[in-house]
Amino acid sequence: MILVTGGAGYIGSHTCVELLQAGQAVTVVDNFCNSQAESLLRVERITGKTLTVIRADIRDRAAMEQALRSSGAQAVIHFAGLKAVGESVENPLAYYDNNVGGTVSLLQAMQACGVKTLVFSSSATVYGDPQRLPLQEDHPLSATNPYGTSKLVIENMLRDLHRSDADWRISILRYFNPVGAHASGLIGEDPQGTPNNLLPYVAQVAVGARTHVNVWGNDYATPDGTGVRDYIHVVDLALGHLKALERLRQHAECRAINLGTGTGYSVLDMLRAFEQASGRPVPYQIAGRRAGDIAACYADPAQAAQLLGWRAERDLQAMCQDAWRWQSGNPQGYRSDTSNA
Ligand code: NAD
Ligand code: UFG
């Protein structure tokens with residue numbers, strides 16, 4: 001049994017699909033602050049299997065202990081957290097409380113229940129402004145906003161925890177830029193309000209909900225001047241979690257591993273690929289740089305290949321096609337009329 005915190009969210013729901021399809025029993029804990037219960041109904045529809053859902057906040061330690069005991073979980077995949085960089089600058093305490101405080105509470109509950117296997121969602125944001133590319137796991141760590149700091153604090157906490165008690169088995173997965181959706185078109189990314197991230201914004205332009213994409217800067221030191229990122233299909237990312245769990249069965253370690261493709265694409269590359277996948281125009285305007293953005297960021301995925309036997313298999317076309325299938329079938333996300341979905 002695997003306990004998945006934040007399992008109703010974007011990456012969590014895709015990981016639940018892969019866990020269930022691999023024959024794992026799954027219990028989700030989510031407070032639905034950034035997701036809809038509908039996503040989990042669709043996970044069940046895709047897989048033809050059921051999972052247990054507990055509506056609880058990870059900051060509620062007693063509820064977490066109860067969830068661990070009642071589920072009989074042997075391991076936890078911990079997605080629950082807040083993730084909007086701009087919001088974290090506006091309201092840092094909410095990020096420290098939810099992300100750091102929530103993780104402390106979860107770890108205390110796990111310790112009390114003797115569950116010491118954890119896969120944690122970290123981010124390439126912990127590398128700060130890259131000093132060299134591609135990013136290897138031993139690149140110096142830094143943070144430029146409270147969201148990033150919260151990930152860095154949690155990473156350090158996990159390393160300290162493992163140093164204090166070598167029975168802990170911890171995989172820190174540093175995601176690059178997750179995009180795309182399940183190939184069924186039934187689950188995908190469902191941002192509330194105006195999307196911050198590029199691909200959901202582009203998808204809303206293609207579907208006609210927004211007029212154009214603002215390209216945040218074309219004067220970076222990149223091939224076409226626009227920002228370069230390592231976009232990774234969310235299903236590949238989900239599969240990386242299963243590989244991480246497999247490795248932890250054999251290794252009592254605390255290790256950070258990049259989950260990326262190793263290839264960087266620019267904003268303009270992404271717009272063109274999306275136009276091709278959707279058959280719709282994606283108008284854009286060049287705007288000024290977004291505060292805090294970096295020029296380029298992509299992974300060295302060698303460690304994941306070597307230690308997990310994992311590599312990303314879905315290409316840019318699949319990322320855009322799957323994102324488009326989700327967006328066009330569910331123009332209002334999970335709030336769309338689903339009667340014919
Ligand atoms: P998401 O917002 O879609 O999912 C997070 C889920 O956690 C949501 O269902 C939300 O309701 C739940 N949640 C939040 N706080 C909670 C709490 N206190 N108690 C219980 N549930 C809570 O986000 P996502 O894109 O699926 O991201 C999952 C994880 O991966 C996050 O930790 C995020 O920081 C990390 N990450 C995401 C990205 C990305 O670009 N999506 C990149 C790097 C890392
Ligand atoms: N961009 C635009 N217009 C938009 C949105 C984005 O031009 O409307 C550009 C950005 O300037 C950047 C690229 O598209 O060059 C990607 O931007 P995203 O916001 O999609 O992703 P980021 O790389 O900025 O940030 C993401 C997550 C962060 C995480 C970081 C590193 O949103 O939470 O990856 O993992 F910290």
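All values below were derived from every heavy atom in this structure, side-chain atoms included, with hydrogens, water molecules and symmetry-related copies excluded. Worth saying up front: this structure is predicted, and the values here are computed from it rather than measured. Counting from 1, the numbers follow the sequence of the chain as shown. Whatever order the structure lists ligands and atoms in, that order sets their numbers, starting from 1.
Taking the ring centroids of Y334 and W326, they lie under the 6.0 Å cut-off.
Between the side chain of D97 and the main chain of A94, no donor-acceptor pair closer than 3.5 Å is present. Between the side chain of S13 and the main chain of G188, no donor-acceptor pair closer than 3.5 Å is present. Judged by distance alone, the side chain of S105 and the main-chain N or O of G101 form no donor-acceptor pair under 3.5 Å. A donor-acceptor pair is defined here as one N or O able to donate and one able to accept, closer than 3.5 Å; no such pair exists between the side chain of Q303 and the backbone of I257. Listed for the S122 side chain is no donor-acceptor partner under 3.5 Å among the backbone atoms of L173. Using modelled atom types, one side-chain atom of N99 and one backbone atom of L82 make a donor-acceptor pair closer than 3.5 Å.
The shortest contact between atom 21 (O) of ligand 2 and any protein heavy atom is with N177 ND2, 3.1 Å.
Distances shorter than 4.0 angstrom occur between a heavy atom of Y231 and an atom of ligand 2.
Atoms of ligand 2 found under 4.0 Å from any heavy atom of N214, numbered from 1 in the order shown, are 2 (C), 3 (N), 4 (C), 7 (O), 8 (O). In summary, the atoms of ligand 2 found under 4.0 Å from a heavy atom of K83, numbered by their order in the structure, are 33 (O).
Of all the heavy atoms of L199, none lies under 4.0 Å from any atom of ligand 2, so neither backbone nor side chain is involved. Contacts with ligand 2 closer than 4.0 Å are made by backbone heavy atoms (N, CA, C, O) of N196 only, the side chain lying farther away. Counting heavy atoms closer than 4.0 Å to ligand 2, residue Y175 contributes backbone atoms (N, CA, C, O) but none from C-beta onward. Under 4.0 angstrom from ligand 2, the non-hydrogen atoms of L198 come from both its backbone and its side chain. Only side-chain heavy atoms of V267 come within less than 4.0 Å of ligand 2; its backbone N, CA, C and O stay farther off.
Side chains of N177 and Y265 form no contact here, defined as non-hydrogen atoms less than 4.5 Å apart. Using a 4.5 Å cut-off on side-chain heavy atoms (C-beta onward), R247 and E253 make contact.
Contacts of ligand 1 (protein heavy-atom distance under 4.0 Å) are G6, A8, G9, Y10, I11, D30, N31, F32, C33, N34, S35, A56, D57, I58, R59, F79, A80, G81, K83, N98, S121, S122, S123, Y147, K151, Y175, P178.
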